2 protein chains.
Amino acid sequence: MTSRTARKTGSETALAPRLPAHETIYRELRALVLFGDLAPGQAVTIQGLCDRLGAGMTPVREALRRLIAEGALEFQGNRRVSVPLLDAGNIGELIFARQWLDPHLARRATERATPADLDHLTEVDDDLDRAILRGDMRAYLELNHRFHRALYEIAAAPILTDVADGLWLRFGPSLRVVCGRVGTEGLPDRHKDLLAAMRAGDTEAAAEAIRADVVQGMEQVRQSLSRQPRDD
Amino acid sequence: MTSRTARKTGSETALAPRLPAHETIYRELRALVLFGDLAPGQAVTIQGLCDRLGAGMTPVREALRRLIAEGALEFQGNRRVSVPLLDAGNIGELIFARQWLDPHLARRATERATPADLDHLTEVDDDLDRAILRGDMRAYLELNHRFHRALYEIAAAPILTDVADGLWLRFGPSLRVVCGRVGTEGLPDRHKDLLAAMRAGDTEAAAEAIRADVVQGMEQVRQSLSRQPRDD
DNA sequence: CAGCGATAAATTTGATCATATTCTTGGTGG
DNA sequence: CCACCAAGAATATGATCAAATTTATCGCTG
């Protein structure tokens, strides 16, 4: 990669290596969508985001295009951009896709995981448990995402990981809504089973554990959505 | 998705659709990638595209962001954007994904297809046959894509269709390279089997037909790629 | 004296902004 | 109730600034 930092004058400002503005905006907006700070159906305007994020409009426009392309936002009318509202059919598609993708990535991850990888996963899952006990929903959402992301990383399948990331962006907002209704009790956590299977090198058990985790979570979304499809 | 027709303008007449520039640029660039006019590994610059397409840089930038988000282009360094070069692992991922996605969409399409849908598919496939006989590779690529696209449309699963579109964008350039070596003979065309199964309403036969078609085509790509992974 | 390497300048490219133009929309008056 | 006008939002242009790559020159060494 671009490890050419030694070239310049010795001013290493720690963690601010001049990240482009559109990249920053993109990540902020992505987090806003992924963790439900923007509710499904909520409309956004370019200029509104310029104010909210204190940025020029060009970077905001580029970030929006990117998120629209990834399915995180929807280009509704000629004028409106909003967070997509999922119907039962959409949820069905997402369940189907994840039910296939996540187990496959879990199998690959099980085959390739190093002890350090397993330690890292365990660490994230411990944080996750603490967040659930604390009742901290936002932390739960972030850590649950981080756990699955870490699994994808281990699987080392860049294209499938991209696809999985896109799916997360699509059901993220709805997941937040569901958690708002259900609370942190009863949240799916088959991660212990998964970790045990991975440590034992049992690929099929790992795949089944993640499948159960995914299906349980997504079915909650489906039921919650069908019970009350519109909610502002 | 792209339902941006003029709503109530008095003078639409299909002459000046006033399509936004970034949308036009996006479609041109997308076609360039999808049908192999940009070879894998080829680098593009924003300003180069501004010249090539005779457009301002803002629309080009937005179109590029979109294509990068869809995986059609790769954001290599801090400065380079290029068509991704696929390795054997990437091809494996794509084969796996399509082997799951396309049959599923074919099943749904078989259940939902109207006679008019079947007629349309048959028509496209006839054009496809003529293109193969003619040895017209570019037409083959476009019509093959259009055939699968039409199948996706019938399946009426917007999210999965988006995912499938993304996969096409990723292997499109390599497909062109392969066809350049193989020629139009020996190209996969299990479309007849698929159409027969769909007419009979046999969902499983349809799924198997499309699976065979996909796997045969993708395996050709894999073999061609592994035989000569680097080619400038 | 020639070749190699490094540094510095120059050119090319990318990122951002301010601004103009167009299109939608909503309100008002006939 | 329809048409026209005004306001606001989004699109698109060009200029400007910053960064990186490339090239050329200079010094050092063999």
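On a predicted model such as this, the values are computed, not experimentally measured, just so you know. Here is how names work: the chains are called A, B, and so on, in the same order as the sequence lines, proteins then strands, and each is numbered from 1.
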Length of the line joining [X]:[atom1] and [N]:[atom2], which is rounded to integer Å:
| X | N | atom1 | atom2 | answer |
| --- | --- | --- | --- | --- |
| A/Gln47 | C/dT24 | CD | C1' | 14 Å |
| B/Asp51 | D/dT13 | CG | P | 14 Å |
| B/Met57 | C/dA18 | CE | C1' | 15 Å |
| A/Glu23 | C/dA15 | CD | P | 10 Å |
| B/Gln76 | C/dG14 | CD | C1' | 16 Å |
| A/Arg66 | C/dA15 | CZ | P | 11 Å |
| B/Ile46 | D/dA18 | CD1 | P | 18 Å |
| B/Arg79 | D/dT21 | CZ | P | 7 Å |

### Query
Of the nucleotides C/dT16, D/dA10, C/dT13, which has the atom closest to the A/Pro59 side chain?
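So the side chain of A/Pro59 is nearest to C/dT16.
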#### Entry: Among D/dT22, D/dT13, C/dT16, the one nearest B/Arg80 by side-chain distance
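Of the candidates, D/dT22 comes closest.
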### Query
Can you say whether the rings of B/Trp100 and A/Trp100 are parallel (under 30°), tilted (30 to 60°) or perpendicular (over 60°)?
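The arrangement is parallel - the two ring planes meet at less than 30°.
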#### Entry: Under 4.0 angstrom between B/Arg61 side-chain N/O and C/dA15 OP1 or OP2
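It does, given that an N or O in the side chain of B/Arg61 lies less than 4.0 Å from OP1 or OP2 of C/dA15.
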### Query
Under 4.0 Å between a side-chain N/O of B/Arg65 and OP1 or OP2 of C/dA15, yes or no?
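The answer is yes; a side-chain N or O of B/Arg65 sits under 4.0 Å from OP1 or OP2.
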### Message
Between A/Asp117 and A/Thr114, do the side chains contain a donor N or O and an acceptor N or O under 3.5 Å apart?
### Response
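Their side chains do contain a donor-acceptor pair, which is all the 3.5 Å distance test asks for.
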### Task
Could you tell me whether the side chains of B/Tyr152 and B/Asp165 share a donor-acceptor contact shorter than 3.5 Å?
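The criterion, which ignores hydrogens and geometry beyond distance, is not satisfied for B/Asp165 and B/Tyr152.
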### Query
With a non-hydrogen cut-off below 4.0 angstrom, is A/Thr58 in contact with a base, only sugar-phosphate, or nothing?
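Touches a base.
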### Query
Do NZ/NE/NH1/NH2 and the carboxylate oxygens of A/Asp162 and B/Arg170 come within less than 4.0 Å?
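Counted as a salt bridge, because a side-chain N and a carboxylate O are separated by less than 4.0 Å.
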